[in-house]
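This structure is in structure tokens; I'll ask about it shortly.
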Number of protein chains: 2
Amino acid sequence: MHNMPQPHDHQHCIDDAMARARELCLRRQVKFTRIREQVLACVWANHQPVGAYTILEEIAKESDRRPAPPTVYRALDFLLDNGLVHRIASLNAFVGCKDPSHHHQGHFLICRQCRNVIELDADIINSAISTAATQYGFVVETPCVEVVGCCAGCRELSDNE
Amino acid sequence: MHNMPQPHDHQHCIDDAMARARELCLRRQVKFTRIREQVLACVWANHQPVGAYTILEEIAKESDRRPAPPTVYRALDFLLDNGLVHRIASLNAFVGCKDPSHHHQGHFLICRQCRNVIELDADIINSAISTAATQYGFVVETPCVEVVGCCAGCRELSDNE
DNA sequence: AATAAAATGTTATAATATTGCATTAGCGTG
DNA sequence: CACGCTAATGCAATATTATAACATTTTATT
Ligand SMILES: [Zn+2]
Ligand SMILES: [Zn+2]
Ligand SMILES: [Zn+2]
Ligand SMILES: [Zn+2]
């Protein structure tokens with residue numbers, strides 16, 4: 001298995017994410033219900049974007065009851081609203097957000113090969129977009145940047161062939 | 001009606017686009033068939049992204065025969081392959097490309113209000129993305145930049161309220 | 001004309017997402 | 001505790017976007 005962005009203790013990613021989510025929901029006085037927790041756990045199973053219906057299947061497997069699509073989508077909406085996950089428009093899929101405490105859109109590097117996603121929020125990209133947009137009198141509200149390419153790990157593997 | 005990016009002679013946009021397409025297909029020795037022409041004309045009806053099924057409806061209206069979805073999607077695939085249209089992933093919709101002669105991905109400014117799309121291909125954005133990606137050892141292949149915001153025209157209108 | 005390749009037609013279905021309404025769970029008030 | 005309110009979930013149906021599989025037609029080549 002080499003589907004991690006860089007080798008790392010992913011259980012730590014999961015634990016962190018779930019802890020942050022619990023804390024954040026407490027602080028905001030919103031409810032981190034069972035289904036929301038399950039969906040978030042699914043999304044954090046790895047660093048690859050996961051589709052709504054895959055989440056549905058996963059939950060069906062692990063809990064012997066199959067939630068209907070609206071249930072999953074509502075949980076996803078909640079998580080999106082609270083910045084706990086991001087939606088990757090070009091993939092119709094969702095990834096966990098590594099920093100849900102402050103609202104941001106994020107930029108995503110998607111490896112074509114291992115499908116892992118690296119989330120950034122690079123000022124340099126936001127500035128460049130604003131600068132270019134300004135030349136057209138356009139005011140940026142929500143930039144969506146989803147970059148397909150090849151990650152460090154996968155290029156290393158290719159090189160060693 | 002104020003759904004044009006800036007006031008302009010849009011018939012000129014259409015005529016230009018269709019002429020470019022014809023010429024380009026001739027040069028590349030690929031066929032600019034009736035259905036492909038109809039679909040491209042639909043896409044160029046205005047500067048707003050248009051969905052595949054909307055295109056289908058439009059063609060059904062104007063020609064009394066309703067193409068099936070695969071017909072429209074195949075025409076769109078052809079147009080995409082030849083750079084004559086772009087797909088806006090975040091909207092599941094398509095816009096005409098203003099410069100199909102050289103291959104490029106393009107950046108899109110989408111007005112939240114009038115839905116018009118401005119296409120750019122700004123070096124400054126591509127550079128910023130590459131720079132940011134490089135810091136993660138990530139090599140960019142296909143950047144996808146779709147920015148929602150507010151265009152000059154719509155802000156003017158808002159200001160005058 | 002015979003053949004092959006490309007394009008289109010046709011039917012069915014997959015994959016993603018939402019609407020509308022019923023039911024349940026949680027919570028504060030009296 | 002009963003009541004009423006709201007948020008959350010369950011559930012059935014359906015909308016929207018996209019593709020698969022195979023038949024037929026058109027076009028180009030020999
Ligand atoms: Zn991890
Ligand atoms: Zn990779
Ligand atoms: Zn125009
Ligand atoms: Zn506008």
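So that the names make sense, note that chain A is the first sequence line, chain B the second, and so on, each numbered from 1.
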Note to self: Check the phosphate of dA15(C) against Y53(A), side-chain N and O only, distance under 4.0 Å to OP1 or OP2. Yes or no?
What the structure shows: no
Next item on the list: Ignoring backbone atoms, establish whether R34(B) has a side-chain N or O less than 4.0 Å from OP1 or OP2 of dA7(C).
Entry: no
Margin query: If we ignore hydrogens and angles and just use 3.5 Å, is the side chain of R22(B) paired with the main-chain N or O of F32(B) as donor and acceptor?
Written below: no
Next item on the list: Check whether any side-chain N or O of R65(B) sits under 4.0 Å from OP1 or OP2 of dG9(C), and answer yes or no.
Entry: yes
Next item on the list: Nearest-nucleotide wise, let me know which of P69(B) and V30(B) is further upstream toward the 5' end of DNA chain C.
Entry: V30(B)
Notebook entry, point to check: Does OP1 or OP2 of dA7(C) have a side-chain N or O of T33(B) closer than 4.0 Å?
Noted result: no
Margin query: If you apply the rule side-chain contact (heavy atoms from CB on, under 4.5 Å), what do you find for E146(A) with L109(A), and how did you get there?
Written below: CA-CA 6 Å; E146(A) 301 174 359; L109(A) 307 179; over 6 Å; no
Notebook entry, point to check: Looking at the side chain of K31(B), which of dA7(C), dT9(D), dG10(D) is the nearest nucleotide?
Noted result: dA7(C)
Checklist line | Nucleotide dT8(C), atom P - distance to CG of L76(B) in whole Å | finding: 12 Å
Next item on the list: Please state whether the phosphate of dA18(D), meaning OP1 or OP2, lies under 4.0 angstrom from any side-chain nitrogen or oxygen of Y73(B).
Entry: yes
Notebook entry, point to check: With distance as the sole test, does H10(B) use its side chain to make a donor-acceptor pair with the main-chain N or O of A45(B) at under 3.5 Å?
Noted result: yes
Check: So does R74(A) get a side-chain nitrogen or oxygen closer than 4.0 Å to the phosphate oxygens (OP1/OP2) of dA7(D)?
Finding: no
Next item on the list: Check whether any side-chain nitrogen or oxygen of N92(A) sits under 4.0 Å from OP1 or OP2 of dA17(C), and answer yes or no.
Entry: yes
Checklist line | Residue-phosphate contact under 4.0 Å: R66(B) side-chain N/O, dG9(C) OP1/OP2 | finding: no
Margin query: Once you apply a heavy-atom cut-off of 4.0 Å, does P67(A) come out as touching a base, just sugar-phosphate, or nothing?
Written below: nothing
